[in-house]
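No hydrogens, no waters, no symmetry mates; every other heavy atom, side chains included, goes into these values. Quick note on labels: first sequence line is chain A, next is B, and so on, each numbered from 1.
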Amino acid sequence: MTFSYHRAESVGDAIAAVSRDPNARFIAGGTNLVDLMKYDVERPGRLVDITRLPLKGFEQTGGGGLKIGALVPNSDLAYHPSIERDYPLLASAILAGASAQLRNAATTGGNLLQRTRCYYFYDVATPCNKREPGSGCSAMTGVNRIHAILGASDACIATHPSDMCVALAALGATVHVAGPDGERTIAFEDFHRLPGDEPQKDNTLAHGEMVTAVELPAPRFGANHSYLKLRDRLSYAFALVSVAAAIEMDGDVVGEARVALGGVAHKPWRDPKAEGLLKGQIPSSSAFAAVADSLLSGAEGHGANDFKIELAHRAIVRALGQAAAATPQVQSSKTVN
Amino acid sequence: MSTSQTTIDPPRPTSLTLTVNGELRTIEIEPSVTLLDLLRERLHLTGTKKGCDQGQCGACTVIVDGKRVNSCLQLAIMKDGCEVVTIEGLGAPGDLHPMQAAFIAHDAFQCGYCTPGQICSAVAMIDEGHATTSDEIRELMSGNLCRCGAYTNIVDAIEDVLSQRRRHLEAAE
């Protein structure tokens, strides 16, 4: 690891320092970037330290929402009283991810920008189109137990590893970005991308653009939510399949439902058409199964991950059941209620 | 206090100032040095262990500005001005931290390699205030692996310290 270092004094200074150097990267919590540098997967020539920038606050928005600074640590976000009270689905998803140490260091913006944990992406001795475009995908015919079943391409079957982002997708968050051409906002579903034939691009940010905040819309879904994460260990492991489920009831029937999946695609997976099937329905296992059928209609395994299709189906039905019953999965509980 | 330069280009050793276990230290380092390597190799505080060096095992856990973190994933240069507590700063023979004493009393280790990280993590976890049940302790300590499998006794030791704390708080009321 050899790189020059610059401690940014302002957002503008940080953006200028990264924009003028194609080999420069922003660094904040560093929990993923430093790891990738040790593996020689990331080789930045310059690190621009943004940890001293004033992006650590929470701000109420005019529409009753909440704007979260990009440098708020994951743990502070999960335990923030407003998040615990108004966005418990988000708090739960964050606490399902990583370890307490990592959540203390990792930031809100960095969580969005973390890279896949595909074994081949991390192993520089193997071909990987995400790491080395055009070199091939080793996972396609290799060990692909953890890989994508939805939205993959011939070039890449990697998944996005975040839990937090699955909840942000379900809640319909907005990402605030600043770059050399000014500021803009990106709807959460447009922030991460599918691999297509450019799997080296995880998201729609341009070089030099920086996440400055994540905005949550006004709180909804009351007590009817659950984040259900299934993995190979009971804690501190990435999801094989996770489900963020939220339901807004209208009397005895569903007014609106949200279902986002983690661990199954290159981005948190949502399908408004599948969610729409629940509208006006009385919550039931058969109604939830119809949503699962629709969400997974295009699902395709690659051998070792074929099991994820059935696992996802069952997890969707179970998480929607937990949401409907207002008995969300508790992350310290090691049984699924 | 911040003494290091804000731009180091090209990469070269630069001055960094940290408070480590209550003592102000100024050290020349390269930008690529991790906090873990700084503690072990430069300050000779070898209580903090290097296990995986990838943020997966928790053996390198130290407390930075009151928060437990994996020191292997922190670049030391970015911690300029911070306050670091390692296992050496928690207690010493004859003057053990209650968590150190509880680990001994409950036989909460075998080889001992993960123990400094376990203890730093447990001390910070109690300060965080989110662990009350044994399930919560297990979940919030999952970033510290123990290959000897002393988990049961580690949870017992932490529960002991938690209940000591509760008794102190009740007595103070």
Side-chain angles (χ1 to χ4, degrees), chain A residues 1-9 13 17 21 24 27-39 44-52 73-76 78-79 84 91 95-106 117 122 231 233-238 330-335, chain B residues 2 4-12 14 30-35 52-58 60-75 77-82 117 120-122 124-125 128-145:
Chain A
M1 298 199 297
T2 305
F3 51 86
S4 62
Y5 171 85
H6 175 65
R7 184 176 299 146
E9 309 283 347
D13 173 34
D21 181 350
I27 185 166
T31 52
N32 191 208
L33 182 55
V34 173
D35 187 33
L36 288 166
M37 286 164 66
K38 290 184 181 189
Y39 277 96
R46 175 191 304 272
L47 288 183
V48 176
D49 176 358
I50 61 168
T51 55
R52 317 275 163 138
N74 291 176
S75 50
D76 288 8
Y79 293 118
E84 286 184 326
L95 295 178
S99 68
Q101 289 95 318
L102 291 168
R103 293 192 294 268
N104 279 341
R117 272 23 177 234
Y122 263 78
R231 47 191 152 173
R233 290 193 303 231
L234 291 176
S235 182
Y236 197 16
F238 290 98
V330 175
Q331 298 308 337
S332 59
S333 167
K334 299 308 170 190
T335 53
Chain B
S2 183
S4 81
Q5 293 159 275
T6 56
T7 303
I8 306 163
D9 190 7
R12 63 176 184 278
T14 187
E30 299 253 349
S32 60
V33 174
T34 63
L35 178 59
C52 68
D53 207 24
Q54 294 160 5
Q56 296 179 10
C57 76
C60 69
T61 302
V62 299
I63 303 168
V64 178
D65 290 342
K67 303 274 182 82
R68 50 178 165 156
V69 296
N70 305 101
S71 60
C72 73
L73 293 181
Q74 300 287 324
L75 295 175
I77 189 84
M78 293 174 65
K79 299 291 126 188
D80 190 31
C82 289
C120 285
S121 191
M125 179 187 69
E128 287 160 9
H130 304 296
T132 48
T133 66
S134 61
D135 277 353
E136 287 165 349
I137 293 171
R138 285 174 187 278
E139 176 62 25
L140 293 174
M141 287 295 292
S142 70
N144 292 85
L145 306 190

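- Listed here is the closest heavy atom pair of A:Y39 and B:Q54: OH-OE1, 2.8 Å.
- No donor-acceptor pair closer than 3.5 Å links the side chain of B:D9 to the backbone N or O of A:S4.
- Here the closest non-hydrogen pair linking A:S235 and B:S142 is OG-OG, 2.7 Å.
- Side-chain contact between A:L47 and B:L75 is present, with heavy atoms from C-beta onward closer than 4.5 Å.
- Taking each heavy atom of B:Q74 and A:G29 in turn, the nearest pair found is NE2-O, 4.0 Å.
- At least one side-chain heavy atom of A:N104 sits under 4.5 Å from a side-chain heavy atom of B:E128.
- Of the two parts of A:A28, only the backbone, made up of N, CA, C and O, holds a non-hydrogen atom closer than 4.5 Å to a non-hydrogen atom of chain B.
- Proximity of A:K38 to B:C72: side-chain heavy atoms (C-beta onward) are separated by under 4.5 Å at one or more points.
- Contacts between B:T34 and chain A at a heavy-atom distance below 4.5 Å involve the side chain alone, from C-beta outward.
- With a 4.5 Å cut-off on side-chain heavy atoms, B:L73 and A:L102 count as touching.
- By number of non-hydrogen pairs under 4.5 angstrom with chain B, the leading residue of A:T51, A:L234, A:I27, A:V48 is A:I27.
- Rounding to the nearest 0.5 Å places CZ of B:R68 at 7.5 Å from OG of A:S99.
- Listed options B:H130, B:R138, B:M141 were ranked by heavy-atom pairs under 4.5 angstrom with chain A; first place goes to B:H130.
- One side chain, B:N144 or A:Q101, offers a donor N or O that lies under 3.5 Å from an acceptor on the other.
- Closest approach of B:P31 and A:Y5 over heavy atoms only: CB-CB, 4.0 Å.
- Note that CZ of A:R103 and CG of B:L140 are 6.5 Å apart. Values are rounded to the nearest 0.5 Å.
- No side-chain N or O of A:S332 forms a donor-acceptor pair with one of B:E136 less than 3.5 Å apart.
- In terms of heavy-atom proximity, B:M78 sits nearest to A:R52 at O-NH2, 3.0 Å.
- Contact of A:D76 with chain B is made through the side chain alone, with heavy-atom distances under 4.5 Å.
- Heavy-atom minimum distance, B:I77 versus A:R7: O-NH2, 3.0 Å.
- Here the side chains of B:E139 and A:L95 are not in contact, with every heavy-atom distance at 4.5 Å or above.
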